[in-house]
A.B. asks: 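Starting off with a structure, shown below.
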Amino acid sequence: MKVLVINCGSSSLKYQVLDMRKETLMCKGLVERIGMEGSVLTQEKIGVDEKKVIETPIADHKVAMKQVIAALLDQDYGVLKDLEEVGAVGHRVVHAGERYSESVLIDNSVIEVLKECIELAPLHNPPNLLGINACRELMPNVPMVAVFDTAFHQTMPPESYIYAIPYKYYDKYRIRRYGFHGTSHKYVAERAAILLGVSLYDLKLITCHLGNGASVSAIKRGRCIDTSMGFTPLSGLAMGTRSGSVDPAIIQFVAEKEKKTMEEVLDILNKESGMLGVSGVSSDFRDLDEEVQNGNVRAELALKVFAHRVRYYIGAYYLEMNGLDGIVFTAGVGENDTTMREIICNELGNLGIKLDLVKNKVRGREAIISRDDSRVSIMMIPTNEELMIARDTYNIARNMGFDPAK
Ligand code: ADP
């Protein structure tokens, strides 16, 4: 069965086609600037060097989906002869509230739940829904599966997800910690178990998804018991442009001093804070590394703040799980920034966490990067959220009796 994976943002649509017989990626693509001037579709057929770039007006997500289908079917740069070859479509959906702890086959009742969750993820769920609706219209007979960012974290115990605010706000508005990047945390935890040759159900892991957005999770015997993001993806670690957790009183203080509304201050915490805010130069860790080489002390401070927060969570989760078998680094920074991994793991030997500085030079492939005498295994594992979405989609479609031979 071939599975189409769709990840819709407000003005973008990322997609991949995977052949699930051997889980091989066939092509991937991106539609950018949907509903704006200069819309463009870029498609990369695996095994072909040149990317196909199509510049064409794309007014909305339905037009984008039509263009994606046309590109997939193209004789030269496409990978499908007939749309019938697509056995199922998997959609990344950010927020399922408390409703789903696993991926689900999409039907009208699921759509209703996703609509209800719009108020919890106003930036993310609406474009996710647009993508689902466009696909359902254009491929009405193909099973669609929703894979949620929040689902993996639904196993957290109440003491991890309840905020110490009046309980009625949880009852009335469902204000609680949800956590995000769940698909990535789950994927790398499963890979870590394979890499270590130990069942996931015998492991205590801390997974560090460090990208533009960043979060850390505590995974005990395969279940997430805590995670650093909260009600929204703004909390927890300091990130590229996001502040992470701050004293909430700062919001009112800044609003008053700077004559800004609450919304404007939240926008600053989302878009002008984090690495960008502290360094004053960039949210990109590559730029910051370069700035540090040139003696920029604020860039150095930003990176130290980042590492400090990651270490803080590693310490907390180590205690919470009463032990630790492995730490996993993943996503843009976690996979590539060897210096950041060094700073994070520096001087943790007494806790049995010893990074091997030579093995740490690895890039682009899964590896154990701790010293042989390290009690805790440190791993670098490239994330693959699309594969995870495709797997869930394939399994659900197959279990529902859809033809796996297609
Ligand atoms: P997201 O999916 O959240 O947008 P990614 O996981 O793709 O983010 O991570 C993007 C970040 O990864 C960039 O901001 C960049 O700072 C960092 N990054 C990518 N490559 C490197 C590298 N070679 N060295 C350091 N940081 C890197």
Side-chain angles (χ1 to χ4, degrees), residues 5-16 28 30 32 42 44 92-94 121 123-124 127-128 147 149-150 179-188 191 207-217 227-229 232-244 270-294 296 298-300 302-307 309-310 328-345 360-367 369 380-389:
V5 174
I6 300 286
N7 181 354
C8 265
S10 56
S11 65
S12 70
L13 188 164
K14 287 189 211 153
Y15 63 97
Q16 290 192 358
K28 56 183 174 181
L30 169 65
E32 290 168 284
T42 311
E44 186 184 344
R92 179 200 176 197
V93 180
V94 168
L123 299 179
H124 296 103
N128 296 160
V147 181
D149 266 35
T150 48
F180 300 87
H181 296 137
T183 314
S184 175
H185 287 291
K186 186 176 178 204
Y187 174 78
V188 297
R191 291 302 311 169
T207 50
C208 307
H209 177 108
L210 310 179
N212 256 326
S215 63
V216 181
S217 290
T227 192
S228 60
M229 280 182 169
T232 72
L234 179 58
S235 75
L237 300 176
M239 307 177 213
T241 63
R242 283 175 244 168
S243 62
N270 264 304
K271 296 181 187 153
E272 296 173 31
S273 299
M275 300 301 96
L276 175 64
V278 177
S279 72
V281 286
S282 176
S283 63
D284 193 307
F285 285 68
R286 286 163 291 200
D287 296 342
L288 297 181
D289 286 341
E290 212 177 299
E291 287 289 326
V292 172
Q293 299 300 322
N294 298 332
N296 184 331
R298 287 249 306 276
E300 190 177 3
L303 295 175
K304 281 184 175 166
V305 169
F306 182 86
R309 206 60 86 75
V310 177
V328 183
F329 289 103
T330 193
V333 179
E335 291 169 29
N336 297 296
D337 197 332
T338 54
T339 316
M340 180 50 72
R341 293 199 297 250
E342 248 181 60
I343 307 174
I344 291 170
C345 297
N360 185 41
K361 299 288 172 219
V362 69
R363 283 230 178 103
R365 64 173 172 82
E366 292 177 356
I369 54 175
M380 192 289 268
I381 299 183
T383 194
N384 194 341
E385 287 158 287
E386 291 79 11
L387 175 59
M388 204 68 183
I389 294 171

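Read the numbers this way: they start at 1 and go in the same order the structure lists the ligands and their atoms.
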A.B. asks: Which residue holds the protein heavy atom closest to atom 24 (N) of ligand 1, what is that atom called, and what is the gap in Å?
C.D. replies: R286 CG, 3.5 Å
A.B. asks: Heavy-atom count check: over 12 atoms from other residues, nucleotides or ligands less than 6.0 Å from E290 CD?
C.D. replies: no
A.B. asks: Return yes when at least one protein heavy atom is under 4.0 Å from atom 16 (O) of ligand 1, and no when none is.
C.D. replies: yes
A.B. asks: Show me, pair by pair, the donor-acceptor contacts under 3.5 angstrom made by side chains of residues 208-215, not counting sequence neighbours?
C.D. replies:
unit_1: H209; atom_1: ND1; unit_2: S184; atom_2: OG; d: 2.8
unit_1: S215; atom_1: OG; unit_2: H181; atom_2: ND1; d: 2.8
unit_1: S215; atom_1: OG; unit_2: H185; atom_2: NE2; d: 2.8

A.B. asks: Any side-chain heavy-atom pair from R92 and V147 closer than 4.5 angstrom?
C.D. replies: no
A.B. asks: Regarding ligand 1, does D284 bring an N or O atom to under 3.5 Å of one of the ligand's N or O atoms?
C.D. replies: yes
A.B. asks: As an exercise, identify every atom of ligand 1 less than 4.0 angstrom from a heavy atom of G332.
C.D. replies: 5 (P), 6 (O), 9 (O), 12 (O), 17 (C), 18 (N), 19 (C), 27 (C)
A.B. asks: I want to check something: taking the side chain as every heavy atom from C-beta on, are V94 and L123 in contact at a cut-off of under 4.5 Å?
C.D. replies: no
A.B. asks: Number the atoms of ligand 1 from 1 as they appear, then name those within less than 4.0 Å of a heavy atom of F285, with their elements.
C.D. replies: 15 (C), 16 (O), 26 (N)
A.B. asks: Give yes if a backbone or side-chain nitrogen or oxygen of N212 is under 3.5 Å from a nitrogen or oxygen of ligand 1, and no if not.
C.D. replies: yes
A.B. asks: May I ask you to say whether R191 pairs ionically with E366, meaning some side-chain N is under 4.0 Å from a carboxylate O?
C.D. replies: yes
A.B. asks: Measure from atom 22 (C) of ligand 1 to every heavy atom in N336, T330, T339 and give the option owning the shortest one.
C.D. replies: N336
A.B. asks: Going by the order shown, which atoms of ligand 1 are within less than 4.0 Å of some heavy atom of G213?
C.D. replies: 3 (O)
A.B. asks: Would you call T383 and E335 a side-chain contact if the rule is heavy atoms closer than 4.5 Å?
C.D. replies: yes
A.B. asks: Would you indicate whether the side-chain heavy atoms of Y15 and K28 approach each other to under 4.5 Å?
C.D. replies: no
A.B. asks: Below 4.0 angstrom from a heavy atom of A331, which ligand 1 atoms are there? Numbered from 1 as shown, please.
C.D. replies: 6 (O)
A.B. asks: What are the atoms of ligand 1, with element, lying closer than 4.0 Å to any heavy atom of V333?
C.D. replies: 12 (O), 17 (C)
